K.L.:
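Pasting a structure below so you can have a look.
Each chain gets a letter, A, B and so on, in the order the sequences are listed, and its residues count up from 1. Owing to the predicted nature of the structure, the values given are computational and were not obtained by experimental measurement.
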Amino acid sequence: MKIVVTVKLVPDPNAEKRIDSATKRLVRSGVETVLNPYDEYALEAALQLKERAGGDTSVVVFSMAPEALKETLRKALAMGADEAVFLSDAGLEGSDVWATAYAMSQALKKIGFDLLIVGGLTDDGSTGAVPGALAEHLGVPCITNARKAEIADGTLRVERETDSGYQTVRGPLPALLTTALTFGEPRYASLKGIMGAKKKTIAPLTLADIGLDLAVGSDGAKMQLEAFAPPPARGKGRTVEAADGAAGAQAIFDFLKEKKLV
Amino acid sequence: MNFDLTDEQRAIQSLAREFAQNEVKPRAEQMDRDEAFPYELVAKMGELGFMGLPFPEEYGGAGGDTVSYALAVMEIARADASTAITMAAHVSLGATPFYLFGTQEQKERYLVPLAQGKMLWGFGLTEPNAGSDAGNVSTKATLKDGNWVINGTKAFITNSGTSISGGTTITAVTGTRPDGKPEISNLIVPQDTPGFVRSKKYKKMGWRASDTRELSFADATVPEENLLGPRGEGYHQFLTILDGGRISVAALSIGLATGAYDEAIKYAKERHAFGRPISKFQAISFKLVDMLTEIEHARLMMLRAAWEKDQGRDYVQSASFAKLFAGELSHRVVNEALQVHGGYGFMDEYPISRMYRDQKINEIGEGTNEVQRLVLARLMGL
């Protein structure tokens with residue numbers, strides 16, 4: 001069985017970020033690139049499924065990013081993925097969600113998979129639309145927000161997390177799965193994994209390799225970014241002066257009550 | 001020249017940082033307070049490969065280089081000095097003697113479980129009356145009926161008495177050399193050796209979660225083959241071991257200093273006085289600049305020594321420079337970092353107070369500042 005995990009390479013979520021007003025793109029210089037944290041959960045799910053399935057199950061990570069970020073993908077190999085495929089091409093610059101999902105799907109068709117696991121969201125773009133668009137382009141079922149999954153006799157059985165509890169659903173393979181954060185904390189890459197990762201392959205792909213019928217990059221984008229703004233600065237808090245502790249507590253209580261928090 | 005770390009070195013550094021910040025740092029305060037040895041962390045570090053980082057895979061290690069090892073020690077020390085010394089003493093002092101001088105059989109029997117972190121091991125050089133004057137050891141071992149019979153006392157031995165400690169390698173006088181000086185050899189003493197007794201843990205000012213004990217040997221008997229390397233080579237062996245140990249102690253000092261700097265800058269940005277964060281006052285911002293400048297200075301010295309070791313070059317002098325400078329730097333940085341905290345720094349609930357206590361030993365352990373200067377004066381031909 002072949003499990004493919006899509007991984008986005010994103011700026012460190014803990015770093016302060018800035019958007020270049022001319023290009024409307026995130027300034028990447030000086031900010032470390034990491035695996036999209038949600039995708040680490042997807043990879044953890046894949047590695048768990050592989051451990052349970054044993055045999056000839058392999059985990060392949062797939063990423064689409066500028067060439068300079070390629071080595072970041074090695075962390076996924078250090079965590080336990082068997083190999084990586086890296087799609088990079090100047091023609092992809094300026095792709096929106098639709099074009100991104102289309103280019104990815106063309107590459108994924110070439111790579112082939114029984115199960116495709118995708119993080120539910122990316123930390124930088126946060127559209128959450130890529131998994132659905134991918135499933136559409138690939139013509140496979142899209143099972144979202146999985147907290148548990150098992151594969152038996154070519155059938156995928158998934159527990160989906162919902163607001164009110166969870167559902168158990170079943171579907172055929174190939175399929176696309178997105179993971180909830182309850183699937184399991186991503187493992188650390190062990191030292192052995194790190195040392196072994198340098199011997200694993202990151203296979204390069206370009207647009208010429210995957211073949212396109214439709215435009216990608218800025219030409220293929222259906223959506224344009226018009227404006228952006230940082231979150232509004234937090235306003236000043238309210239200061240209450242109270243004669244003593246009891247009066248202070250009363251003031252806080254009144255405030256919480258007014259906000260319907262108690 | 002190239003100052004870039006390799007991809008693996010960067011990956012190991014970031015794994016160590018992630019592990020230290022997520023797993024070690026949140027436990028540091030409680031472990032210090034309870035003098036609780038970090039069994040759980042040691043087990044996890046063993047699984048991840050930290051406890052055998054620089055040893056080849058065939059001996060259960062991770063096959064990393066000295067630079068990676070130093071980077072890892074630095075990151076762990078940044079979160080907690082007790083956990084860092086547990087790892088550093090285990091690797092540099094406990095396991096390294098087997099790797100450098102052990103027979104194939106000794107490597108398989110001891111080094112493999114040590115490198116996997118399943119067992120800890122001590123290194124017993126210091127005695128109550130012989131510290132840096134290590135040629136003056138008074139512990140004696142006599143060969144009798146195919147066994148070494150050991151008598152004497154060792155002091156301040158790290159990792160010697162935990163429930164997963166397998167034993168300690170000790171230096172002992174095994175005879176007299178032709179030139180009349182004592183013949184010193186290293187002997188492997190497993191934990192269950194009759195006559196080998198560990199004291200209770202010392203009550204310490206810092207490194208309180210690490211395991212440090214006094215060891216006594218009263219007719220402690222081990223088989224003749226428990227000799228490490230050739231008889232009479234003990235003195236040279238421990239000098240070699242201490243040379244490498246200096247790099248890890250330097251890394252530990254720099255890590256602690258970096259942790260103190262982390263706390264100082266966080267506090268300086270949060271704490272307001274006279275209407276603005278205190279980091280906006282030159283009195284404070286200049287302190288922070290000086291701290292980071294010195295940390296960077298020490299890092300470069302230490303990494304150079306580690307790099308030289310990896311290149312198979314003579315690194316003795318650069319390791320001594322790094323150990324001396326880093327030990328004293330950690331004193332200055334921790335002291336200033338506490339000063340930035342003002343009165344709160346004196347309070348137990350701020351991590352900086354623990355770091356202040358943890359720092360002092362960096363100027364004493366594995367050769368005091370004074371002895372480092374002595375070593376360096378000799379190396380410089382003075």
K.L.:
Going by side chain to side chain contact (heavy atoms under 4.5 Å, CB included), A/Ile194 matches just one of B/Leu48, B/Asp7, B/Leu15. Which one?
P.N.:
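When side chain to side chain contact (heavy atoms under 4.5 Å, CB included) is applied between A/Ile194 and each of B/Leu48, B/Asp7, B/Leu15, only B/Leu15 qualifies.
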K.L.:
Please check if the number of heavy atoms outside B/Arg27 that lie under 6.0 Å from its CZ is greater than 12.
P.N.:
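Result for CZ/B/Arg27: enclosed.
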K.L.:
May I have all residue pairs that pass salt bridge (Lys or Arg N to Asp or Glu O under 4.0 Å) and include part of residues 43-55 of chain A, sequence neighbours excluded?
P.N.:
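Applying salt bridge (Lys or Arg N to Asp or Glu O under 4.0 Å) to every pair that reaches into residues 43-55 of chain A, excluding sequence neighbours, yields A/Glu44-A/Arg187, A/Lys50-A/Asp82, A/Glu51-A/Arg187.
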K.L.:
If you count every heavy atom of other residues, nucleotides or ligands that lies below 6.0 Å from A/Glu241 atom CD, does the total exceed 12?
P.N.:
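No, the 6.0 Å shell around CD holds no more than 12 heavy atoms from other groups.
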K.L.:
Looking at OG of A/Ser190 and CZ of B/Phe50, how far apart are the two atoms once the value is rounded to the nearest 0.5 Å?
P.N.:
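So the OG of A/Ser190 and the CZ of B/Phe50 are separated by 9.5 Å.
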K.L.:
Working to the nearest 0.5 Å, report the span between CG of A/Leu191 and CG of B/Leu53.
P.N.:
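Interatomic distance, A/Leu191 CG to B/Leu53 CG, rounded to 0.5 Å: 4.5 Å.
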K.L.:
In terms of side-chain heavy atoms, does A/Tyr188 have a donor or acceptor partner in B/Glu47 at a distance below 3.5 Å?
P.N.:
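No donor-acceptor contact under 3.5 Å links the two side chains.
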K.L.:
Under 4.5 Å, counting heavy-atom pairs only, tell me which of A/Glu71, A/Arg74, A/Lys192 racks up the most with chain B.
P.N.:
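Heavy-atom pairs under 4.5 Å are most numerous for A/Glu71.
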K.L.:
For residues 64-75 of chain B, which residue pairs qualify under salt bridge (Lys or Arg N to Asp or Glu O under 4.0 Å), counting only residues two or more places apart or in two chains?
P.N.:
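Pairs touching residues 64-75 of chain B that pass the test: B/Arg17-B/Glu75, B/Glu75-B/Arg78.
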K.L.:
Please round to the nearest 0.5 Å and tell me the distance separating atom CD of B/Glu8 and atom NZ of A/Lys198.
P.N.:
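It comes to 4.0 Å.
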K.L.:
Does a sphere of radius 6.0 Å around OH in B/Tyr39 hold more than 12 heavy atoms from other residues, nucleotides or ligands, not counting ones at 6.0 Å or beyond?
P.N.:
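Enclosed: over 12 neighbouring heavy atoms sit under 6.0 Å from OH of B/Tyr39.
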